[in-house]
Protein chains: 2
Amino acid sequence: MSKDSPNADSRAKNVTTPALPNNARQRRSSDQVTLSQVAQAAGVSPITASRALNYPDKVSDSARRSVLQAVENLGYVPNLVAGSLASSRSRLIAVIVPSLINSVFVEVIKGLQETLEAEGYQILLGNTDYDLDREYQLVRTFLGWSCSALVTAGLRHNSACHTLLANWDHPIMEVMELGKGMDLNVGLDHVAAGRCMASHLIDKGYRHIVYVGARLAQDYRASMRFDGHKAVLKEKGFDAPLLELDTLGSLQAGAEGLAQVLAQHPHTQAIHFANDDLAAGALLAAQRQGLNVPGDIAIAGFNGLPLGQQVTPQLTTILSPREEMGRLAAKELIRRLGGKNVYRRQHDVGFTLQIGGST
Amino acid sequence: MSKDSPNADSRAKNVTTPALPNNARQRRSSDQVTLSQVAQAAGVSPITASRALNYPDKVSDSARRSVLQAVENLGYVPNLVAGSLASSRSRLIAVIVPSLINSVFVEVIKGLQETLEAEGYQILLGNTDYDLDREYQLVRTFLGWSCSALVTAGLRHNSACHTLLANWDHPIMEVMELGKGMDLNVGLDHVAAGRCMASHLIDKGYRHIVYVGARLAQDYRASMRFDGHKAVLKEKGFDAPLLELDTLGSLQAGAEGLAQVLAQHPHTQAIHFANDDLAAGALLAAQRQGLNVPGDIAIAGFNGLPLGQQVTPQLTTILSPREEMGRLAAKELIRRLGGKNVYRRQHDVGFTLQIGGST
DNA sequence: AAAACAAATGGTAGCGCTATCATGACAGCG
DNA sequence: CGCTGTCATGATAGCGCTACCATTTGTTTT
């Protein structure tokens, strides 16, 4: 076949192509209904259709009605990606927690979620597994989604993350612990909580008290509680031994912690556990071994998990308002996102010493 | 001042303005670094910069290096919204669960999350509170984000939701229960699980067995387990009374359930609880009341929560592989998203009867 | 040596929506 | 009656990125 005599097909191409100024390409992947189609069906312009959906009182009743009708008829689903790009507002809230195993964070998420979802925000969830570099990566990704705000557990970040967030011009909410954060902060004073429980144990007459935590470098809030605990004991002139477990907090680990304390510190009268999972695990293990709680050994926890309230004797613990923390954080964010003035950047949700029969 | 003799300033304006064809508006809200700036700094075209980041082996080593360097220098954070709009791929996975209070769903999320995040997907989290209309709303919203896939707990949806999903051309993963779903499915057979536990109780010699659940209309999987339970009891010629609590499953509710069963069915020998929270609550309550388990009353649960393993006697339960369910669901989704063939749409993760001392 | 091919890069045109400005209609007012 | 102000609507031009094609250069094949 000579190249001078192209076949009909290629000639057809050569003839039709110049008709269009450039080759008109087709990129639309799906057959998704667009706002323009809705607008056309409703007999209005695309921008009016947009307004009818986003600012209903900016359009006439008739326009609004016909747009909504068209949406219904065509089964239109707004493309939020396009909307966000155009408006640089996404109604996404990034939530970054260090763990999903630990029910404490889940309860905070729950509080956040119910409040934010009611206001039409969606949650983008990230889990750092207690790794600050991972946190940085997640923050980067989430900023890329033009999130309306970011919630993160804790006040500690690596320097890259800090820089990134400091230059970000949206609300940042740091939850769990109380302190001077980057922007907004809702939490409780963990050092004070540790002091509170230590004081309680001393008031009860215990002198040989061991603090048991798990992976304190990661769960640094537990280590802040230990700081408070230690300070009180030092003030009273007592030793403050620490036992650190290598496994993450769980019932199983609590049983292990009890065994180690009994082995290493046989005179121990009371154990102050970093959380209720550990404490309840120790309490149940003590019972299996026939130890009397608090007679042989007193046990205290932290968090006020339901489990601790149901065991016998009831676990002495410090009740932290976790869902409330989430809800308050969400409310404050919403205030801020609504352009309201923020009077306080720091919110102390407090805690309650709950004295059970275990001490 | 006559209007014919404008001052120098306004004349300057009048002179400069016509130079631009139309008034050049400025929309860029933030001073965010864009890919074009990165490209310029790297001395390549924007599209090459894009490729360097998204398809590193499609560009030369030198180009890749200089782009990455420029990214670093300028602190560029990719705008994922823009990228998603252009490519209609978002690397977002919608995850819709009925509850965050129930730790079972959280564990599934955990399994999903760790697997998906490792592959660079982000989770958009939604909570229906067991409301199918709410589910529909969430699905609509999430489809608007051009999610890469959607994970939802359960096979039941309202008709609008069903239609919407049926016309959606991305993978859909329905988890928790096993059955013919819309697309992919990873779960376990709840009827069989109910049968399994009922058979165990009968084998143990119990005849008067009550099933206790909470809000079965919502937690319909618990009611499927009851169906299995009932079927077995009927086959053996026994009655299968059901007690339905009005509060959601919790330790507290379990204690309440025990009290009601003892009041309404005094001859009851065994209680088959819909889940471990209820069962453990009842077990702990029984102990507080001085009842012997299983002597006075046998107690069984479902899920295999750690709590049930730590109480004495250990709770007889059915172990459901929840994190595994999440991980498997995520893996199958990733296979599918990677364009791999799917050999099986249904995956049975199974369950294990775990016999403790409580029956 | 010419032709065919692959690899690297770039120009262009959107993705679907909304911010911005412009316009036309209509009321109020001196 | 013209002037200003409000309201509803529309035309236009991006948001920042990537798909698509075209082009260039270097490498292999016949």
Side-chain angles (χ1 to χ4, degrees), chain A residues 3 13 17 20-40 42-67 71 76-91 143-146, chain B residues 17 20-40 42-67 71 76-91 143-146:
Chain A
K3 57 188 166 179
K13 255 184 226 150
T17 308
L20 298 166
N22 279 315
N23 37 0
R25 283 178 249 139
Q26 197 61 24
R27 280 268 297 282
R28 299 209 45 242
S29 48
S30 63
D31 48 359
Q32 208 196 320
V33 180
T34 70
L35 188 59
S36 294
Q37 293 172 37
V38 170
Q40 193 163 27
V44 298
S45 73
I47 186 66
T48 300
S50 168
R51 278 193 276 252
L53 296 176
N54 295 306
Y55 308 94
D57 41 321
K58 292 266 178 194
V59 299
S60 66
D61 282 8
S62 68
R64 177 160 10 91
R65 263 197 304 275
S66 50
V67 168
V71 165
Y76 170 68
V77 176
N79 185 328
L80 300 174
V81 179
S84 297
L85 181 60
S87 67
S88 54
R89 282 183 281 99
S90 72
R91 297 191 84 80
L143 296 203
W145 280 109
S146 335
Chain B
T17 309
L20 298 167
N22 280 316
N23 38 359
R25 282 180 250 140
Q26 197 60 25
R27 280 267 297 283
R28 300 209 45 242
S29 47
S30 63
D31 47 0
Q32 209 195 318
V33 180
T34 69
L35 187 59
S36 294
Q37 293 172 36
V38 170
Q40 194 162 26
V44 298
S45 72
I47 185 68
T48 299
S50 168
R51 277 193 278 253
L53 297 175
N54 295 306
Y55 307 95
D57 41 319
K58 293 265 176 196
V59 299
S60 65
D61 283 6
S62 69
R64 177 159 12 89
R65 262 196 304 276
S66 51
V67 168
V71 165
Y76 171 67
V77 176
N79 185 328
L80 300 174
V81 179
S84 297
L85 180 60
S87 67
S88 53
R89 282 182 282 99
S90 72
R91 296 190 86 79
L143 296 204
W145 279 108
S146 335

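In what follows, every chain begins at residue 1, and chains take the letters A, B, ... in the order their sequences are listed.
Each of B:Ala82 and B:Val59 was assigned the nucleotide of DNA chain C with the nearest heavy atom; the assignment lying further toward the 5' end belongs to B:Val59.
Between A:Tyr55 atom OH and D:dA8 atom C1' the separation is 16 Å, expressed in whole Å. Rounding to whole angstrom units, CZ of residue B:Arg64 and C1' of C:dA7 are separated by 14 Å. Atoms CH2 (B:Trp145) and C1' (C:dC17) sit 12 Å apart, rounded to a whole Å. Rounded to whole angstrom, the span from the CG atom of B:Leu53 across to the P atom of D:dC17 amounts to 9 Å. Put simply, CG on A:Asp57 is 13 Å from P on D:dT9, counting in whole angstrom units. To the nearest angstrom, P of D:dC15 lies 14 Å from CG of B:Leu35. Taking atom CZ of B:Arg51 as the reference point, atom C1' of C:dA8 lies 8 Å away to the nearest angstrom. Rounded to a whole Å, the NZ atom of A:Lys58 is 13 Å from the P atom of D:dT9.
Counting only heavy atoms from C-beta on, B:Ala86 has its side chain closest to D:dC17 among C:dC17, C:dT9, D:dC17. Between D:dA19, D:dT9, C:dC17, one nucleotide has an atom nearer to the side chain of B:Ile47 than all others, and that is D:dA19. Checking D:dT9, C:dT18, C:dA19 against every side-chain atom of A:Arg89, the shortest atom distance belongs to C:dA19. Minimum atom distance to the side chain of A:Tyr76 is reached by C:dC17, of the listed C:dC17, C:dC15, C:dT20.
A:Ser84 has no side-chain polar atom (N or O) that falls below the 4.0 Å cut-off from OP1 or OP2 of D:dC15. Within the 4.0 Å cut-off from OP1 or OP2 of C:dC17, not a single side-chain nitrogen or oxygen of A:Ser36 is found. Applying the 4.0 Å criterion to OP1 and OP2 of D:dG10, one finds that A:Thr48 has a side-chain N or O inside that range. Side-chain nitrogen and oxygen atoms of A:Ser50 include at least one within less than 4.0 Å of the OP1 or OP2 phosphate oxygen of C:dT18. Note on A:Asn79: every side-chain N or O is 4.0 Å or more away from OP1 and OP2 of C:dC15. OP1 or OP2 of D:dG10 lies within a sub-4.0 Å distance of a side-chain N or O belonging to A:Ser45.
The residue B:Val81 sits apart from the nucleic acid: no heavy atom pair falls under 4.0 Å.
What you find for A:Val77 and A:Gln32 is that their closest heavy atoms are O-NE2, 3.3 Å. The two atoms that bring A:Val38 and A:Val71 nearest to each other are CG1-CG2, 3.8 Å, heavy atoms only. Pairing each heavy atom of B:Trp145 with each of A:Ser90, the nearest pair is CZ2-O, 3.2 Å.
A donor-acceptor pair under 3.5 Å is absent between the side-chain atoms of A:Ser50 and the main chain of A:Pro46, judged by distance alone.
Note that CZ of A:Arg89 and CG of A:Asn54 are 8.0 Å apart. Values are rounded to the nearest 0.5 Å.
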